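Below you'll find the structure, written out as C-alpha cells, and then a few comments.
In what follows, every heavy atom counts, from backbone to side chain, and hydrogens, waters and symmetry copies are set aside. Since the model is a prediction, treat every value here as computed from it, not as a measurement.
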Amino acid sequence: MTRFVSQKTYKIHSKRLYFSILIITLIIIINSILKYSLKKINDNKILNLLANNSYGISLNKNNKNSSKYNNFYKNIYGINLYSDTKVTVENNNINELIVNTKPLIYLYNTYQTDKYINEYYSSYSINPVITQASLILHEYLKKYNINSVVEKNSVAKILKENNIDYFSSYKASRILMEQAKKENNSLEYFFDIGMSDDNYLNTTVEINSIKYAKILFIVGTDNINYKLNQDLAIKLNDELLSINKELTRGISLRGGQGYQGVYNQDFSSNSLLIYVGGKENKIEEVNRSLIVLAEAIKNYIKGDLYEKE
C-alpha cells in the first residue's frame with residue numbers, strides 16, 4: 001500500500017519547521033548583539049551593572065572607596081562597606097597608616113557554617129555565614145594598608161579527609177593555619193572570627209540610635225602560655241574601649257571541662273578567638289562593628305611596631 005502525507009499533516013510539519021528556523025535565527029541574532037555589546041563594556045562596568053540591578057539598589061558613584069567587593073556586599077547582604085558611623089575615628093593622614101605589602105594577619109573561621117541573620121532575604125533562608133565577617137574585616141584592614149589572608153579552604157573537607165569529628169574542628173582549622181604560615185611566613189597575627197550563642201540583648205548595643213554587634217575576646221586557659229594571648233586580648237580590648245567602651249563585651253577566659261580550652265592559641269602568642277556579635281545579629285550590625293575592630297587592630301599593630309623599633 002502506498003503511503004502518502006495528507007495536505008493537513010504537511011502544513012503542520014511546515015509550520016513547525018518555520019517556527020524552529022525562526023527561533024534559531026533569533027538566538028543567533030541575540031547572541032551576536034550580546035557579543036558586540038560586551039566588547040564595548042569593560043569588567044568594572046559589567047560588575048556595576050550587575051550590582052546596581054541585582055536587588056534594585058542604586059550605588060553611589062561618588063563613593064571613592066567603592067570597589068567590586070563593596071558593590072556585591074552591598075547588594076547581596078544589604079550592607080555598605082565603608083559606611084559612615086558615629087563611633088569610628090577617621091584618619092586621613094597617610095603618615096599615620098601602616099604600610100605592609102606582605103600579609104601580616106591570618107583571618108579564619110573554625111566554624112565556617114555559623115550564620116548571621118539577613119533580614120532582607122530571611123524568608124528565602126539566605127543568610128551570610130561567618131566567613132563573610134572575615135572577608136569584610138579584610139577589606140577594612142586594607143584601608144589602613146594592612147594586608148591579611150582570609151582562609152577560604154573548607155574546614156569540613158579537612159575534617160572528612162582526616163577523619164576528625166566535628167567537636168574537634170579546631171584540629172582541622174589548625175591544619176589550615178599551619179599551611180597558611182608555610183605559604184606566608186610574614187604572618188604574625190592569627191584571628192579566628194566567630195560568633196556567640198548568647199541572645200540578642202547580650203550581643204548587641206545601640207549607640208546614637210544605631211545598633212552594633214558587640215565584640216568579645218576569648219582566651220583559652222588550657223594553653224600553658226595563655227598569659228601571652230591574654231595580654232594581646234587586653235591590649236586590643238583597650239583599643240576598643242578608647243574608641244567606644246560600649247562596643248566590647250570584654251575578655252572571656254575559658255578552660256577546663258566543657259571548653260575547648262586552647263582554641264589553637266598555642267600556635268602563636270598573637271593568636272585570638274574573636275566573637276563579633278552572635279547568631280541573632282544582623283549582618284549590617286556586624287559590618288558596623290568590623291569597621292571599629294579594624295581600627296582597633298590598626299592602632300594596636302601601630303603601637304606594637306613602634307615598640308619593636
Side-chain angles (χ1 to χ4, degrees), residues 43-44 47 50-51 54 67-79 81-82 100-118 121 125-166 168-195 213 218 260 263-265 267-268 270-277 279 281 283-284 286-287 289-291 293-294 297 301:
D43 286 342
N44 287 332
L47 286 170
L50 288 172
S54 55
S67 66
K68 297 176 188 177
Y69 296 107
N70 185 20
N71 294 348
F72 282 108
Y73 289 144
K74 181 175 181 180
N75 287 273
I76 295 174
Y77 295 109
I79 62 174
L81 290 181
Y82 306 106
N100 197 320
T101 56
K102 294 183 179 180
L104 193 64
I105 299 175
Y106 176 63
L107 300 173
Y108 70 108
N109 312 92
T110 295
Y111 294 102
Q112 293 176 330
T113 57
D114 286 353
K115 295 180 180 180
Y116 291 113
I117 289 175
N118 190 336
Y121 315 111
S125 298
I126 301 174
N127 292 329
V129 292
I130 187 66
T131 52
Q132 194 66 31
S134 293
L135 289 167
I136 295 172
L137 181 57
H138 167 77
E139 288 298 308
Y140 287 135
L141 289 170
K142 281 169 62 177
K143 171 185 174 183
Y144 299 112
N145 291 325
I146 300 175
N147 199 3
S148 61
V149 172
V150 179
E151 183 57 70
K152 296 179 181 178
N153 290 306
S154 170
V155 172
K157 183 180 179 182
I158 298 297
L159 289 173
K160 185 176 181 180
E161 291 176 348
N162 293 274
N163 197 27
I164 302 172
D165 61 88
Y166 181 77
S168 302
S169 292
Y170 284 98
K171 292 181 180 179
S173 59
R174 175 62 168 258
I175 292 172
L176 294 175
M177 180 189 293
E178 291 174 348
Q179 182 62 36
K181 178 62 176 177
K182 288 180 182 178
E183 295 174 356
N184 301 278
N185 193 48
S186 59
L187 292 173
E188 292 186 26
Y189 303 92
F190 305 84
F191 298 144
D192 185 358
I193 308 299
M195 66 174 67
I218 310 294
Q260 298 286 347
Y263 307 107
N264 290 329
Q265 291 170 10
F267 182 76
S268 168
N270 289 327
S271 177
L272 274 183
L273 171 59
I274 305 175
Y275 283 170
V276 184
K279 59 185 179 181
N281 278 106
I283 187 62
E284 60 267 27
V286 172
N287 173 57
S289 298
L290 289 171
I291 296 173
L293 179 59
I297 292 172
I301 291 177

Check step by step if side chain to side chain contact (heavy atoms under 4.5 Å, CB included) holds for Y108 and N153.
CA-CA 9 Å; Y108 70 108; N153 290 306; over 6 Å; no
Give, for atom [atom1] of [X] and atom [atom2] of [Y], the distance between the pair rounded to the nearest 0.5 Å.
X	Y	atom1	atom2	answer
K102	N184	NZ	CG	10.0 Å
I158	Q112	CD1	CD	9.5 Å
S271	F191	OG	CZ	8.5 Å
N162	I175	CG	CD1	4.0 Å
I193	H138	CD1	NE2	13.0 Å
I301	I105	CD1	CD1	3.5 Å

Do S173 and N264 pair up side chain to side chain, a donor and an acceptor below 3.5 Å, judged on atom types alone?
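Side chains of S173 and N264: pair found under 3.5 Å.
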Taking atom types as modelled, find out whether D192 and T110 have a side-chain donor-acceptor pair closer than 3.5 angstrom.
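T110 and D192 do have a side-chain donor-acceptor pair below 3.5 Å.
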Minimum heavy-atom separation for [X] to [Y], with atom names?
X	Y	value
K152	L135	CE-CD2, 4.1 Å
L187	A180	CD1-O, 3.7 Å
M195	K279	SD-CA, 3.6 Å
G277	A213	CA-CB, 3.5 Å
F267	R174	CD1-NE, 3.6 Å
Y116	G194	OH-O, 3.9 Å

Show your working on side chain to side chain contact (heavy atoms under 4.5 Å, CB included) between N147 and L104 and close with a plain yes or no.
CA-CA 6 Å; N147 199 3; L104 193 64; 5.8 Å; no
Is it true that a side-chain atom of [X] and a backbone atom of [Y] form a donor plus acceptor pair closer than 3.5 Å?
X	Y	result
Q260	Y170	no
S169	Y111	no
S154	K157	yes

Can you list the residues that meet the side-chain hydrogen bond (donor to acceptor under 3.5 Å, both in side chains) rule with D114, with sequence neighbours excluded?
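With neighbours one apart ignored, the set is empty.
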What pairs with Q179 under side-chain hydrogen bond (donor to acceptor under 3.5 Å, both in side chains), at least two apart in sequence or on another chain?
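Scan of Q179 (side-chain hydrogen bond (donor to acceptor under 3.5 Å, both in side chains), adjacent residues dropped) gives E183.
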Can you confirm whether Q265 sits close enough to L273 that some side-chain heavy atom of one is under 4.5 Å from a side-chain heavy atom of the other?
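Q265 reaches L273 side chain to side chain.
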Which of these, L290, L107, L293, sits in a side chain to side chain contact (heavy atoms under 4.5 Å, CB included) with I136?
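Per the side chain to side chain contact (heavy atoms under 4.5 Å, CB included) rule, the option paired with I136 is L290, out of L290, L107, L293.
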Can you list everything that forms a side chain to side chain contact (heavy atoms under 4.5 Å, CB included) with K160? Sequence neighbours excluded, please.
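Per chain and number, K160 pairs via side chain to side chain contact (heavy atoms under 4.5 Å, CB included) with no residue.
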Dump the intermediate steps for side chain to side chain contact (heavy atoms under 4.5 Å, CB included) on I218 and Y263, then the final yes or no.
CA-CA 9 Å; I218 310 294; Y263 307 107; 3.9 Å; yes
Between K182 and E178, is there a salt bridge with N-O shorter than 4.0 Å?
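Looking at E178 and K182, the cut-off is not met.
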Are K181 and Y106 close enough, and set up right, to give a side chain to side chain contact (heavy atoms under 4.5 Å, CB included), and what steps lead you there?
CA-CA 8 Å; K181 178 62 176 177; Y106 176 63; over 6 Å; no
